[in-house]
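Notes follow once the structure below has been shown.
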Amino acid sequence: IDLLYWRDIKQTGIVFGSLLLLLFSLTQFSVVSVVAYLALAGLSATISFRIYKSVLQAVQKTDEGHPFKAYLEMEMNLSQDQIQKYTDCLQLYVNSTVKELRRLFLVQDLVDSLKFAVLMWLLTYVGALFNGLTLLIMAVVSMFTLPVVYDKYQAQIDQYLGLVRTHINTVVAKIQAKIPGAKRKAE
């Protein structure tokens, strides 16, 4: 959350810039090429550092050992409890998504299914205008800018969102009144 609110500007800038660089790289190169180039860059940096430290140790006649010894000895295994926690969380999301999609596709509630159909229809136009990577880039930029904008202008945004919500509820109520069998759920 601190990253998204730019509380540590240096760290947020590094994460945001790295994400954008990765996504823009993926627009120009294949995933395999990007992964290979990133691995080569990482290997080049670590090999160069290892050789530098070895030469420095030879010149100064010290015995400091391997420069990455602390990282090589670090325990990097996921415990059974962590794996169980993540799989339980994933299972919960998958089950709730499947249940909701079943409800929408099998028209348990006509109004909700119609809303879903309109959303899918609108997404066909979005898909025609943008590819998935462009949408992902827009999502990352929005993720790093919208929380700050909302935090700064929260009162004005909430006021206008309230007006929009009231208008949408009015329109939905009129539509539900005209569709037979589409009674509003108790809230």
With ring-ring contact (aromatic ring centres under 6.0 Å, His included) as the rule and sequence neighbours excluded, what pairs involving residues 133-179 come up?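 Output for this query lists F16-F144.
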Do [X] and [Y] sit in one hydrophobic cluster, given that two such residues count as connected whenever their side-chain heavy atoms are within less than 4.5 Å of each other, even indirectly?
X	Y	result
L38	F49	no
L101	L119	yes
V140	M138	no
V171	W121	no
V141	L135	no

Residue list, salt bridge (charged side-chain N to carboxylate O under 4.0 Å, His left out) with R165, at least two apart or on another chain: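 With sequence neighbours excluded, R165 shows a salt bridge (charged side-chain N to carboxylate O under 4.0 Å, His left out) to no residue whatsoever.
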Atom pair [atom1] ([X]) and [atom2] ([Y]), whose distance is rounded to the nearest 0.5 Å:
X	Y	atom1	atom2	value
D81	D88	CG	CG	10.5 Å
Q80	K85	CD	NZ	14.0 Å
L110	Q176	CG	CD	9.5 Å
I47	L40	CD1	CG	9.0 Å
L163	D158	CG	CG	11.0 Å
Q11	D2	CD	CG	8.5 Å

Are side-chain heavy atoms of [X] and [Y] found at a separation under 4.5 Å?
X	Y	result
R50	H66	yes
Q91	T87	no
L23	L133	yes
R7	I1	yes
L72	K69	no

Closest heavy-atom contact between [X] and [Y]?
X	Y	answer
Q57	G65	NE2-O, 2.8 Å
I137	L20	CG2-CD2, 4.1 Å
L104	D112	CD2-O, 3.6 Å
P147	Y5	O-CE2, 3.4 Å
T170	T166	OG1-O, 2.8 Å
V148	L4	CG2-O, 3.6 Å

Checking [X] side chain against [Y] main chain: does a donor-acceptor pair fall under 3.5 Å?
X	Y	answer
S96	L92	yes
T46	L43	yes
Q82	S79	yes
S25	V34	no

Evaluate side chain to side chain donor-acceptor pair (under 3.5 Å) for N131 paired with T134, printing each intermediate quantity in order. CA-CA 5 Å; N131 66 20; T134 304; 2.8 Å; yes
Is the number of heavy atoms from other residues, nucleotides or ligands under 6.0 Å of L161 CG greater than 12? yes
Look at the aromatic rings of Y71 and F68 and report parallel, tilted or perpendicular, splitting at 30° and 60°. tilted
Mind checking who shares a hydrophobic cluster with L78, ILVMFWY linked at side-chain heavy-atom distances under 4.5 Å? I83
Applying the side chain to side chain contact (heavy atoms under 4.5 Å, CB included) criterion to M120, which one of T124, L123, V118, L122 satisfies it? L123
Check the side chains of E75 and N77 for a donor-acceptor pair under 3.5 angstrom, ignoring hydrogens and angles.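 A pair is found: one side chain offers a donor N or O, the other an acceptor, under 3.5 Å apart.
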